Amino acid sequence: MALIEQWRPETHIFHFPIGEATITLQDVEVLYGLPVNGHPVALPPGLREYTGDYYLDMLQRLTGFRPADERALSGATCLQLTFIQQHLEAMHDDMTHDTPDLYIDRYTRLLLLLMFGEVLFLNTSENLISLRFIHHLERLDGLH
């Protein structure tokens, strides 16, 4: 709370009795352990033309999940998190040491999407995730 009181949004600087301070990328790296070098996180250029069906098709391709209820989508790009939570709970019961990697990958992608909506990219409703973030789940195939 002390830092919030010292923040000046118009200048993006903290004002302390001893002087001014700002947060740098190096501060982010040291304080949060987030890498600041490497490939940037960016959305694809043709994003504005994508429809709700396109996102749902991509969701199904990457996670094996496509909500049957039409009310799952809010607008063209937002999905209600409760549908993802319910699907993950159903999948969780079937996970064992013998579960094929494909199902583990799908489960992991859904779990990450849920984390995007509940932790990283909250919105005011606290129950929606923009399916625009699903593009970042596609790049997981190249990771070890």
Side-chain angles (χ1 to χ4, degrees), residues 1-14 16 20-144:
M1 289 304 292
L3 282 176
I4 291 172
E5 293 171 2
Q6 303 303 321
W7 179 254
R8 299 296 180 261
E10 57 278 351
T11 58
H12 302 286
I13 293 176
F14 290 103
F16 298 111
E20 297 176 345
T22 189
I23 302 294
T24 65
L25 284 176
Q26 184 180 14
D27 295 330
V28 170
E29 185 173 33
V30 171
L31 294 172
Y32 298 108
L34 297 173
V36 296
N37 54 359
H39 298 290
V41 175
L43 296 172
L47 190 68
R48 293 181 189 261
E49 288 83 38
Y50 297 164
T51 63
D53 284 334
Y54 174 85
Y55 285 115
L56 289 176
D57 290 343
M58 183 179 245
L59 179 68
Q60 185 172 16
R61 181 174 53 81
L62 292 174
T63 67
F65 170 66
R66 184 181 184 116
D69 193 340
E70 294 176 7
R71 296 172 293 159
L73 273 183
S74 176
T77 62
C78 290
L79 180 67
Q80 292 183 24
L81 292 172
T82 51
F83 290 94
I84 296 174
Q85 291 167 332
Q86 291 167 354
H87 187 73
L88 279 171
E89 288 171 6
M91 286 181 75
H92 183 75
D93 294 337
D94 296 334
M95 291 288 168
T96 66
H97 293 293
D98 299 328
T99 302
D101 288 344
L102 173 67
Y103 295 108
I104 293 171
D105 290 348
R106 288 176 171 179
Y107 183 86
T108 302
R109 282 189 170 99
L110 276 175
L111 191 59
L112 285 170
L113 192 60
L114 188 66
M115 288 178 59
F116 287 170
E118 289 185 338
V119 179
L120 295 175
F121 306 108
L122 292 172
N123 63 23
T124 54
S125 75
E126 298 180 6
N127 189 34
L128 295 174
I129 178 66
S130 173
L131 289 176
R132 292 177 175 160
F133 296 114
I134 201 165
H135 292 281
H136 303 301
L137 301 178
E138 193 167 28
R139 295 175 26 185
L140 296 180
D141 290 334
L143 299 177
H144 299 289

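Just so it is clear, the values below take in all heavy atoms, side chains as well, and ignore hydrogens, waters and symmetry mates. Please read all numbers here as calculations on a predicted model, not as lab measurements.
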Quick one: are Leu79 and Leu59 in side-chain contact, heavy atoms under 4.5 Å?
yes
Shortest non-hydrogen pair, Phe83 vs Ala72, comes out as CE1-CA, 3.5 Å
What distance do Arg106 atom CZ and His87 atom NE2 have between them, rounded to the nearest 0.5 Å?
8.5 Å
With a 4.5 Å limit on heavy-atom distance, are the side chains of Phe116 and Leu137 in contact?
yes
If we only count heavy atoms from C-beta on, is the Asp93 to Glu89 side-chain gap below 4.5 Å?
no
Taking the side chain as C-beta and beyond, is there a heavy-atom pair between Leu56 and Leu73 under 4.5 Å?
yes
Around Met115, counting heavy atoms of other residues, nucleotides and ligands shown, do more than 12 lie under 6.0 Å from its CE?
no
Inter-residue atom distance Leu81.CG - Leu88.CG, 0.5 Å rounding
10.5 Å
Nearest-0.5 Å distance that lies between atom CD1 in Ile104 and atom CG in Leu111
12.5 Å
Of all residues at least two apart in sequence or in a different chain, which pass the side chain to side chain donor-acceptor pair (under 3.5 Å) check with Asp69?
Arg71
Excluding sequence neighbours, so at least two apart, what forms side-chain contact (heavy atoms from CB on, under 4.5 Å) with Gln85?
Thr82, Leu114, Glu118
Are side-chain heavy atoms of Asp94 and Thr99 found at a separation under 4.5 Å?
no
So how far is it from Leu131 CG to Met58 CE, rounded to the nearest 0.5 Å?
10.0 Å
Quick note, side chain to side chain donor-acceptor pair (under 3.5 Å) partners involving residues 54-66, not counting sequence neighbours, are Asp57-Arg66, Arg61-Glu138
Gap between atom CG of Asn127 and atom CD1 of Ile84 - 0.5 Å precision:
9.5 Å
Mind listing the closest non-hydrogen atom pair of Tyr103 and Met91 along with its distance?
O-CE, 3.8 Å
Of all the heavy-atom pairs spanning Arg109 and Leu62, show the shortest one and how long it is.
CD-O, 3.3 Å
Approximate separation, where rounding is to 0.5 Å, of Tyr107 OH and Asp105 CG
13.5 Å
Heavy-atom pair with the smallest gap, counting every atom of Leu128 and Ser74
CD2-CB, 3.8 Å
